[in-house]
Amino acid sequence: MIPGSFAYHRPTSVKEAVGLLAQWGDDGRVLAGGHSLIPMMKLRLAMPAHLVDLAGITELKGIRVEGNDVVIGAMVTQHELVGSELLSGKVPLLRETSLQVADPQVRYVGTIGGNVANGDPGNDMPALMMTLGASYRLEGKSGGRDVAASEFYQGAYFTALEPGELLTAISIPVPPAGHGYAYEKLKRKVGDYATAAAAVVLTMAGGKVATCQIGLTNLSETPLLAEDAAKAVIGTSLDPATLKKAAAAAEAIMSPAADARGPVEYRKHVGGIMVMRALQRAAGRAR
Ligand SMILES: Cc1cc2nc3c(=O)[nH]c(=O)nc-3n(C[C@H](O)[C@H](O)[C@H](O)COP(=O)(O)OP(=O)(O)OC[C@H]3O[C@@H](n4cnc5c(N)ncnc54)[C@H](O)[C@@H]3O)c2cc1C
């Protein structure tokens, strides 16, 4: 349970961090809150020769509004997401989901950047970001680029991040006023990763669903957007038959692992239930 040896670096700017990472390629690794990386290093599943700690980079902190987007710095902790009045007002789904991540001790240190960059299918934020239409700002030696969250996840722990690139910020388009939202997460106990979870953002008009996005957590190697399920509810008042249809459409794209959280069929079944519950709760909140 002791990590291999590594050199520790603590840059004070993104430019310096990118410069350090560029020197080592795959031998360098970014350290944010360390709540995913340090356990991996202790198990020797990760053995970086160089750790670049982002904790001293103030430009990676802060939550601000830019035009119609909320922009969150990569080093904002999950605890800070929970406490942000700006987020509670503009993207309340983020606060609701943050409260479902792990426990307060993990949230005090774990960061939003680490959560979305890690590529762990069990992390809650990636599916949420896809549901909200978020994009990630990546900075590397040859410059910056923006990647949609929906294009970022390519496999378990495999993302669009190139060696030496840093995720610096997340931009989330503010959902329309009066939107409904919900994150439903089934877990074995408080602090656990999801057995299955679903995020919903929708708008209602005249008692019918006008727009809808549905995201799924830990039901595949990557977070998923359940596009057919979302289409199935448009123009409906979410009657029981429609809810079942949406759940079936979502289950059709799930391919969870059979693990300590349950066999495949069970996890797909409860995944469908999370979708139905999230749709109902989101609709109840929409104005
Ligand atoms: C007991 C426990 C329970 C947990 N339960 C949950 C849960 O229910 N839901 C959930 O979502 N998460 C859970 N987590 C994970 C937790 O939220 C982590 O903190 C988070 O996933 C990673 O964030 P971090 O800041 O700790 O990143 P780190 O562990 O420092 O980094 C994780 C990975 O991302 C890379 N990275 C970090 N930041 C950046 C960046 N800015 N740019 C590029 N790469 C970067 C690192 O190099 C590393 O590969 C749990 C963790 C623990 C220990």
Side-chain angles (χ1 to χ4, degrees), residues 1 32-43 45 63 72 75-85 87-88 91-132 156-157 170 180-201 214-224 226 247 250 254 256-282 284-285:
M1 295 300 278
H35 270 55
S36 292
L37 182 56
I38 302 290
M40 299 275 277
M41 288 171 64
K42 286 184 168 180
L43 293 168
L45 294 172
I63 305 171
I72 306 173
M75 286 300 284
V76 169
T77 64
Q78 290 154 7
H79 174 72
E80 288 167 332
L81 296 179
V82 172
S84 164
E85 280 184 26
L87 286 181
S88 290
V91 198
L93 179 59
L94 206 42
R95 180 174 194 275
E96 173 160 306
T97 307
S98 302
L99 281 167
Q100 298 264 16
V101 171
D103 50 48
Q105 280 167 302
V106 172
R107 296 198 295 262
Y108 279 129
V109 184
T111 66
I112 180 78
N115 196 294
V116 300
N118 197 19
D120 182 342
N123 281 3
D124 291 293
M125 290 296 167
L128 189 74
M129 293 305 158
M130 286 167 57
T131 307
L132 288 163
Y157 301 99
I170 295 154
Y181 62 92
Y183 190 67
E184 285 286 342
K185 175 174 175 178
L186 180 71
K187 52 194 170 187
R188 295 171 301 179
K189 61 181 176 60
V190 171
D192 195 17
Y193 291 90
T195 299
V200 167
V201 174
I214 303 173
L216 305 172
T217 297
N218 221 6
L219 289 162
S220 177
E221 275 204 353
T222 62
L224 296 171
M254 296 173 193
D259 60 17
R261 292 183 177 82
V264 170
E265 284 313 312
Y266 168 75
R267 292 185 66 183
K268 286 170 75 164
H269 176 69
V270 292
I273 292 172
M274 293 303 107
V275 168
M276 290 195 283
R277 285 188 187 167
L279 282 167
Q280 281 177 303
R281 207 151 57 81
R285 281 169 160 170

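As the structure is a computational prediction, the values presented were derived from the model and not from experiment.
Counting heavy atoms from C-beta on, the side chains of R95 and L87 never come closer than 4.5 Å. Using a 4.5 Å heavy-atom cutoff, the side chains of I112 and M129 are in contact. Taking the side chain as every heavy atom from C-beta outward, D259 and R267 approach each other to under 4.5 Å. With a 4.5 Å cut-off on side-chain heavy atoms, L93 and V201 count as touching. Using a 4.5 Å heavy-atom threshold, the side chains of I214 and T131 count as separate. E184 is listed as a side-chain neighbour of R281, based on a closest heavy-atom distance under 4.5 Å. A 4.5 Å side-chain heavy-atom check between E265 and H269 finds every atom pair outside the cut-off.
Judged purely by atom type and a 3.5 angstrom limit, N123 has no side-chain atom pairing as donor or acceptor with the backbone of P126. In terms of modelled atom types and a separation under 3.5 Å, the side chain of D192 and the main chain of K187 share no donor-acceptor contact.
What you find for A182 and E96 is that their closest heavy atoms are CA-OE2, 3.4 Å. In terms of heavy atoms, P256 sits closest to N218 at CB-O, 4.2 Å. Considering every non-hydrogen atom in both L219 and G271, the closest pair reads CD1-CA, 4.0 Å. The two residues A250 and V275 have their closest heavy-atom pair at CB-CG2, 3.8 Å. Nearest approach of A32 to T111, heavy atoms of both residues: CB-OG1, 3.5 Å. Nearest heavy atom pair, residue A198 against residue A278, reads O-CB, 3.9 Å.
The environment of R277 atom CZ is sparse: at most 12 non-hydrogen atoms of other residues, nucleotides or ligands sit within 6.0 angstrom.
Rounded to the nearest 0.5 angstrom, L81 CG and I72 CD1 are separated by 5.5 Å. Atom CG of N115 sits about 7.0 Å away from atom CG of D124, to the nearest 0.5 Å. How far OG of S98 is from CZ of R107: 8.0 Å, rounded to the nearest 0.5 Å. The CE atom of M254 sits 8.0 Å away from atom CG of L224, with the distance rounded to the nearest 0.5 Å. If you take OG1 on T217 and CD on Q100, they are separated by 10.5 Å, rounding to the nearest 0.5 Å. The OH atom of Y183 sits 8.0 Å away from atom CE of M125, with the distance rounded to the nearest 0.5 Å.
Within the cation-pi definition used here (under 6.0 Å to the ring centroid, within 45° of the axis), R261 does not qualify as a partner of Y193.
For the residue pair N118/Y157, the side-chain donor-acceptor check at 3.5 Å is not satisfied.
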* Going through the checks in order, is the side-chain contact (heavy atoms from CB on, under 4.5 Å) test met by L94 and L128? -> CA-CA 8 Å; L94 206 42; L128 189 74; 3.3 Å; yes
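By the ring-ring contact (aromatic ring centres under 6.0 Å, His included) test, H35 pairs with no residue at all, sequence neighbours left out.
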